[in-house]
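Presented below is the structure to which this report refers.
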Amino acid sequence: MDPAIETQPKRSKHVNRLKIVGAILTLGGIALFIYFVYMVGLNDIYLGVVRFGFAGFAVILFIYFIRVLTRSWAWKLSVHEPYSLRLRDTIPAVVIGEALSNTIPLGILISGSSKAIAVRKHIPLVGGLSSVATENLFYSLITSIFLMLGGVVLLRNFAIDESLVLTVNFLIILVGVLVILGIFMVIRQWHMASASCEWLYKMGLFHSLLERGRSDVRRFEDLIYGFYRLYPKRFLPICLLEAAYFLLGVGEVWYILSRLSDAFPSIINSFLLETVSRFIILLFKLIPFVIGVDEAGAQFIGNMVALAAGVGVTLAIIRKGRIFFWTAVGFILIVKRGLSLREIADAGKI
């Protein structure tokens, strides 16, 4: 019997377990969301949203579009010759990827393949996936740096519990080590994925799948690892674009706070709120729209930096409204382009 067929029941079990865990976490997130809304008060949140207004909402929609533009541009620069993509190709694909990432448990695992599928008319699938992976490496690097900076800012500017100090220090060191290992892995060009595929193939596992797939994996790694050596002048622009994506998020937080309060918002507070939001998104991708946990994180930091009562939760809800809007745009694009989740999932297996 084909080993790939034998693994189908196991794969189905893993998928079912993932669905169960995702459902439990989602229910927990909804309960957490209801709790914070009740704790703050529905009327106070409503007044905050009304105060923010349609004009304010239009502004953050525009800010997010600029953020999408920065990542789309970074992706455009991550494409290897002889292929190329235009912003008119990458911008819709990024919106589609974000829509799936927001709504599907562990959607981050298929958001990359959805981007590659969305531009398959302009670039081969393997090339598209490798360019997405290259851009994601830059994004992960810059995000990790900002997360470490956020931890340092938190420790240096606010009095926090001793146990939390130890946790934050541990996370700073852990992220720093992972960043160094990642950079070292790329510089030394360790082909761990293709080596694993070769080992599985020789062991007779997934033979039909790896007969052709292992060469694609090797090519995939070569395209990623050779990027900096082939295009060293693109390294700094891509990093700056990824940094702009994060800093625009800080600007969005600052703008929302400026409309929710009469006091002039602190850049440090805005930076911490955005850092915690990024961290929560990384940890709780199983929960669609990170509902509940995002509000919890915003409220925690809001209390720590002495924001007015309920401002943190209101901030998270307003940003969630922006996410809903652009997610709807993403699904409109998915329908318009005739994409299917099965096709996207299959592409992620290459």
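All heavy atoms count here, side chains included; hydrogens, waters and symmetry mates do not.
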Ignoring hydrogens, what is the shortest heavy-atom contact between Y83 and P124? Give both atom names and the distance.
CE2-CD, 3.3 Å
Short side-chain to backbone donor-acceptor contact, S140 and N136, under 3.5 Å:
yes
As an exercise, state the distance from CZ of F271 to OG of S266, rounded to the nearest 0.5 Å.
11.5 Å
Around atom CD1 of I172, are there more than 12 heavy atoms from other residues, nucleotides or ligands closer than 6.0 Å?
yes
Indicate yes or no: at least one non-hydrogen side-chain atom of F331 is less than 4.5 angstrom from one of T103.
yes
Determine whether I63 and L240 fall in the same hydrophobic cluster, where Ile, Leu, Val, Met, Phe, Trp and Tyr are linked whenever their side-chain heavy atoms lie under 4.5 Å apart.
no
For H80 and T134: C-alpha separation, side-chain torsions, deciding distance, then whether side chain to side chain contact (heavy atoms under 4.5 Å, CB included) applies.
CA-CA 10 Å; H80 300 72; T134 300; 3.9 Å; yes
Using side-chain heavy atoms (C-beta onward) and a distance below 4.5 Å, is E274 in contact with W254?
no
Do I173 and L166 share a hydrophobic cluster, counting only Ile, Leu, Val, Met, Phe, Trp and Tyr and linking them when any side-chain heavy atoms are less than 4.5 Å apart?
no
Closest approach of P92 and L333, non-hydrogen atoms and distance?
O-CD1, 3.8 Å
Closest heavy-atom contact between A118 and R337?
O-NH1, 3.1 Å
Can you tell me how far the CZ atom of F62 sits from the CG atom of L69, to the nearest 0.5 Å?
9.0 Å
So do the side chains of L171 and F279 get within less than 4.5 Å of each other, counting heavy atoms only?
yes
Cluster overlap L47 with I317, hydrophobic side-chain contacts below 4.5 Å
no
Quick one: do E242 and E135 satisfy side chain to side chain contact (heavy atoms under 4.5 Å, CB included)? Show the steps, please.
CA-CA 9 Å; E242 302 292 4; E135 189 272 329; 2.4 Å; yes
Test item: R259 side-chain N/O and F52 main-chain N/O as donor-acceptor pair under 3.5 Å
yes
Going hydrophobic residue to hydrophobic residue with side-chain gaps under 4.5 angstrom, can you get from V253 over to F289?
no
Does the N157 side chain pair with the main chain of V153, one donor and one acceptor, at a distance under 3.5 Å?
yes
To the nearest 0.5 Å, what is the distance between CG (L174) and OG (S144)?
9.5 Å
Non-hydrogen side-chain atoms of F36 and M39 separated by less than 4.5 Å
yes
Under the salt bridge (Lys or Arg N to Asp or Glu O under 4.0 Å) rule, what do E295 and R319 come out as? Steps first, then yes or no, please.
CA-CA 10 Å; E295 286 74 17; R319 298 188 87 186; over 6 Å; no
Restricting to non-hydrogen atoms, name the atom on L260 and the atom on R51 that form the minimum distance, rounded to 0.1 Å.
O-NH1, 3.7 Å
Donor-acceptor contact present, side-chain E98 to main-chain V95, <3.5 Å:
no
First locate atom CG of L125, then atom OG of S130, and finally report the distance between them rounded to the nearest 0.5 Å.
9.5 Å
Checking R67 against Y64: charged group under 6.0 Å from the ring centre and within 45 degrees of the axis?
no
Backbone N/O of L273 and side chain of S277: donor-acceptor pair under 3.5 Å:
no
Give, for atom OG of S113 and atom CG of L100, the distance between the pair rounded to the nearest 0.5 Å.
8.0 Å
Give a yes or no on whether the backbone of R86 and the side-chain of D89 come within a donor-acceptor separation of less than 3.5 Å.
yes
Candidate pair L164 and M304, rule side chain to side chain contact (heavy atoms under 4.5 Å, CB included), full reasoning:
CA-CA 12 Å; L164 188 57; M304 183 175 295; 4.1 Å; yes
For the student: nearest non-hydrogen atoms of I256 and L315, plus distance
CG2-CD1, 3.5 Å
Closer than 3.5 angstrom, by distance alone: can the side chain of S114 be matched with the main-chain N or O of S111 as a donor-acceptor pair?
yes
Once rounded to the nearest 0.5 Å, what's the spacing between atom CD1 of I267 and atom CG of L247?
10.0 Å
Can you check whether L61's main-chain N or O pairs, donor with acceptor, with R322's side chain at less than 3.5 Å?
no
For the student: nearest non-hydrogen atoms of V94 and K115, plus distance:
CA-CE, 4.2 Å
Using a 4.5 Å cut-off on heavy atoms from C-beta on, say whether the side chain of F300 contacts that of N303.
no
Are F138 and I142 close enough that some pair of their side-chain heavy atoms sits under 4.5 Å apart?
no
Would you say the side chain of V290 lies within less than 4.5 Å of the side chain of N102, judging by non-hydrogen atoms?
no
State whether Y139 and R71 meet the cation-pi test: NZ (Lys) or CZ (Arg) under 6.0 Å from the six-membered ring centroid, and within 45° of the perpendicular axis.
yes
May I ask you to decide if the ring planes of W326 and F65 are parallel, tilted or perpendicular, using 30° and 60° as cut-offs?
parallel
Can I60 and F57 be said to form a side chain to side chain contact (heavy atoms under 4.5 Å, CB included), step by step?
CA-CA 5 Å; I60 65 172; F57 192 66; 3.8 Å; yes
Quick one: does any side-chain atom of S131 pair with a main-chain N or O of G128 as donor and acceptor, under 3.5 Å?
yes
Close side-chain approach of L147 and L282, heavy atoms under 4.5 Å:
yes
I145 reachable from L155 in the ILVMFWY side-chain graph, under 4.5 Å edges
yes
